[in-house]
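Sequence lines set the chain letters: A, B, ... in the order given, protein chains first and strands last, and positions in each chain run from 1. Worth saying up front: this structure is predicted, and the values here are computed from it rather than measured.
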Amino acid sequence: MKELIYLFHDVFPALMSGLWISIQLIIPSVIFGASMGIIAGTLSVYGHPLLKVASKTYVTIFRGFPLLVQLYIWYFGLPRIGIYFSPMAAAIIGFSLCSGAYQSEYVRGALLSIKKGQLLAAHALGFSRTKTLLSVILPQALRRALPGCGNEIIYLIKYSSLAYMVTCIELTGKGKILASASLKYTEIFMIVGAIYLVLVSVASLLLNRMETWLSVPGFEQHRA
Amino acid sequence: MTMGQTILRVENIHKELGGKAILNGVSLSVRKGEIKVLIGPSGAGKSTFLQSINFLVMPDQGRVWLEEKPINPTDKKALYEYRQQVGMIFQDFNLFDHLTALANVEIGLIRVKGMKKNVARGRAMDELERVGLKNQVLQYPAQLSGGQKQRVSIARALAMDPKVMLLDEPTSALDPELIGEVHSVIRDLAIRGMTMLMVTHQIRFARSLASEIVFMENGRILEKGPPEKMLSDAECSRTREFCSKINEMSGHLC
């Protein structure tokens, strides 16, 4: 009985508020991360040589530094040079840039898989480079990149748990506080883990829906 | 047939790729309503030549005029404007794979010509009907046969109201059974007076349509002339040899 009261009175409200913070971290990070991925991936294939170098450098750094180190730099490091971010902003920036770096590689691969004839046909009709990219190349490439990028979004949901290391107390952070107070580590973290599992399941359901919705004959993902 | 003004004039096109000269000063002009057919062995530079006419391949040297107006390919806006007036048909169709037949024809009208969607739709429907694909407008390229794909690509080019069409082996990727439907669409274009420059080895087809046959080898035009002369009694021995070979082949096919 005491346990149940603790569960419903303390654990659930705390975890739900943590979950809400997590969602506030994840959604913008997914949006900015995917946008960064598309932009960096596109520039690395079709950009001006200088922009190609810039995008390669971005990917190298943000895939190379551990995410936690990146978060520490955004939150603890930059104030040294007078740049201050709130914990949540620092976490969103860190997640977006890191996720974008990974996603850009899926986008790049997908862009390279588009046949050159598509480009020629668009140019022959009088499309400019930018219009070709926006109307012909990207709509095809993004369909191909979606499964990979979706995978990256699933990762992002889980590495959002690092936000509490820069004092943004989201789901994992709330769990940690509860667990240290009650010493019920196993129980609390089992619940926390299960909530992430639900989040990930919902996300993969949505991603699957999106794949089906965007699927076009000739571009279907051939599911076994 | 009386021929009108010169629509397309190309002079002294040179192109080197990977240190190898692909085009060695090719010049050609096409007058209104004229149909010129380019033939020649593979590697002769026919495709590169067609693609350098609308600067899909940037020639190292050479000039192009459309209706006697010189084209400056470094002026992007002028280049895009020019390409709209030169329809191009590719050997492997190059339909936009993510779009339906209808959207393939519409997209240029909407994105390049800035037409309103409903106007573009009407025009696209007309063009698809003309190539006999009224019932396939909502199918995706993956659902169409090769012949149907090529007809969509012809409709897509025609919708832009080109002044001249460049056709790069329009039927060579097709099953023999599907060639006929594409030929009849092209023949229909010819009847309507479309100016065309076409690479093809369908020699009977060429003979029946062409005002002139042009023989190319090693990046040069070796000989040109009316089809009857070129195909039976060419002056250059190399042309004769090539023509007798493809004549023989078409004898088997048709």
To the nearest 0.5 Å, what is the distance between NE2 (A:His123) and OH (B:Tyr80)? 6.5 Å
Taking OH in A:Tyr46 as the centre, count heavy atoms belonging to other residues, nucleotides or ligands within less than 6.0 Å. Is the count above 12? yes
Among B:Ile107, B:Ile89, B:Asn54, which residue forms the greatest number of heavy-atom pairs with chain A at distances under 4.5 Å? B:Ile107
Under 4.5 Å from any heavy atom of chain A - which part of B:Gln84: both
At a heavy-atom distance under 4.5 Å, which candidate from B:Leu79, B:Leu99, B:Leu56 has the highest pair count against chain A? B:Leu56
Toward chain A, the part of B:Leu95 with a non-hydrogen atom under 4.5 Å: backbone
Should we say atom CD of B:Glu68 is surrounded by more than 12 heavy atoms from elsewhere, each under 6.0 Å from it? yes
Name the option with the most non-hydrogen atom pairs under 4.5 Å to chain A; the candidates are B:Gln139, B:Lys76, B:Gln143, B:Lys113. B:Gln143
Proximity breakdown for B:Phe96 and chain A, heavy-atom pairs closer than 4.5 Å: both
Looking at A:Arg209, I'd like to know if its CZ atom is crowded, meaning that more than 12 non-hydrogen atoms belonging to other residues, nucleotides or ligands lie closer than 6.0 Å. no
Measure the spacing between NZ of A:Lys131 and CD1 of B:Ile110 and express it to the nearest 0.5 Å. 12.0 Å
How about A:Tyr196: does its OH atom have over 12 heavy atoms from other parts shown lying under 6.0 Å from it? yes
Heavy atoms from other residues, nucleotides or ligands near NZ of B:Lys69 exceed 12 (cutoff 6.0 Å): no
Within the supplied structure, the quantity of interest is the number of heavy atoms (other residues, nucleotides, ligands) at a distance under 6.0 Å from A:Tyr159 OH; does it exceed 12? yes
What do you reckon, is CZ of B:Arg187 surrounded by more than 12 foreign heavy atoms closer than 6.0 Å? yes
Atom CE of A:Met16 with >12 non-hydrogen neighbours under 6.0 angstrom: yes
Correct closest heavy-atom pair for A:Ala124 and B:Met88 would be CB-CB, 3.8 Å
Taking every heavy atom of A:Pro217 against every heavy atom of B:Tyr140, the minimum-distance pair comes out as CD-CD1, 3.2 Å
I'd like to know if A:Lys115 and B:Asp92 make a salt bridge, using a cut-off of under 4.0 Å between side-chain N and carboxylate O. no
Working to the nearest 0.5 angstrom, can you tell me the gap between A:Leu125 CG and B:Arg156 CZ? 5.0 Å
Less than 4.5 Å to any heavy atom of chain A: does that hold for the side chain of B:Gln85, its backbone, both, or neither? neither
NE2 of B:His98 to CD of A:Gln140, rounded to nearest 0.5 Å, is 5.0 Å
With chain A, which of B:Asn94, B:Asp97, B:Thr100 has the greatest number of heavy-atom pairs at distances under 4.5 Å? B:Asp97
